[in-house]
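Ligands are counted one by one from 1 in listed order, and the atoms in each one are counted from 1 as well. Worth knowing before you read on, the calculation uses all heavy atoms, side chains too, and leaves out hydrogens, waters and symmetry mates. By convention here, the first residue in the shown sequence is residue 1.
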Amino acid sequence: MSDLRDDVRTLFTELTGRAPDGLWSAPGRVNLIGEHTDYNEGFVLPFAIDRRTIVAAGAREDAVIRVASTFSDEVVEIALSELDSARGSAGWADYPLGVAWALGRSGADLAAVPGIDLVIDSNVPVGAGLSSSAAIECAVALALDDLWRLGMSRPDLARAGQLAENEFVGAPTGIMDQSASLLGQLDAAVFLDCRSLDAEVVPLGFAAAGLTLLVMDTGVSHSHATGGYGERRASCEAGAAALGVPSLRDLAVDDLVRAREVLDDVTFRRVRHVVTENQRVLDVVRTLRSEGASAIGSLLDASHTSMRDDFEISVPELDLAVETALENGALGARMTGGGFGGAAIALVPIDAVSRIQVAVDGAFAEHGFAAPEVYPVRPSEGAARDS
Ligand code: GLA
């Protein structure tokens, strides 16, 4: 982290000839459970991880926003008044630019605020399903909120990040990732009701229970701006409409009997995933509170099965990682995030970590899959001003 801070400070000074006004940072996230439930107004249980994006930011005298990063040579510069016509055209810089645009849509007067220089660095792995994009959005949102003196609440900043992603970048994602990044706390998960945006902190206590959470990054790349993610969302909305409810959040497991009669097989299975997944989130929260983390494994496994068979968003690499981890001592395992690639997670006893790493590496090699990256993550603090 201190290296990242030094890098952004140095680059900021090279770019602007002055020191930044401050440094802000925001983490990526792992979703413990509650997949594809957020845009159905249901429940999620993500936690912020110990991988962060850092932003050095400083106000300018003009009305230009300029974005640079330590991971690309490109410097993007645009007048705040031109942002609307630049939607979706700047590659990775769409995320920070989109946040400035979204804050304009959420009450900031872009004609009155100063321009901004932003320099970004990150150690959140890109493409792993750990929300590297939300980490950028949230760090930038916090920086602009401070420098533009907007005084927005964290849930409102999360909504602005989601708006940036939906309307500026063009990915029809939900509110989970930004909420985890902004609301996360050390050693705890964020239990979020995606309808009311009420959030509760749920202690995880992995380390105290002798457990570690392993990320198993398959290296299979995915994008939520294209294809499967949007199709799944459309199926959920079609299912809710056919059943006469505002969203799938309004269905309980008992309603699935009627759903099976009304819906075609594919839509029914999409609906069944979301309805049972919402219930599993509630069950995991209850189990964490009553028995602790070592008792949630079978609920994680059931979530994976539901995503593999009903929601059909897993890939062979994710299934192999999950199966191999379970065969080698994991208490529970599931793919995490939007699916179609990215990472799976496994909840494992600390003394099984290296066995599982070796076994997953070996299984991937045996199947001719590219080498995965398997590493522990810690539930960590959410976004903050660092200096
Ligand atoms: C992606 C999206 C989230 C959520 C998950 C699936 O991470 O950004 O909003 O829908 O997929 O749970």
Salt-bridge criterion met for Asp117 and Arg18 (N-O under 4.0 Å): yes
task: Report, in ascending order of atom number, the atoms of ligand 1 lying under 4.0 Å from any heavy atom of Asp38.
output: 3 (C), 4 (C), 9 (O), 10 (O)
- prompt: If you measure from the Lys or Arg side-chain nitrogens to the Asp or Glu carboxylate oxygens, is any gap between Arg5 and Asp121 under 4.0 Å?
  reply: no
Arg232 to Tyr39, cation-pi by 6.0 Å centre distance and 45° axis angle: no
task: Report, in ascending order of atom number, the atoms of ligand 1 lying under 4.0 Å from any heavy atom of Thr173.
output: 2 (C), 8 (O), 9 (O)
- request: Kindly identify the option in Arg29, Glu35, Met176 whose heavy atom sits closest to atom 7 (O) of ligand 1.
  value: Arg29
Close N or O approach (Asp177, ligand 1; < 3.5 Å): yes
message: Determine whether the aromatic ring centres of residues Phe191 and Phe47 are separated by less than 6.0 angstrom.
response: no
task: Using a strict cut-off of 4.0 Å, indicate which atoms of ligand 1 neighbour a heavy atom of Gly174.
output: 9 (O)
- prompt: Using a distance-only test with no angle check, is there a side-chain donor-acceptor pair under 3.5 angstrom linking Asp264 and Thr267?
  reply: yes
message: Between ligand 1 and Tyr229, is the shortest N or O to N or O distance under 3.5 Å?
response: yes
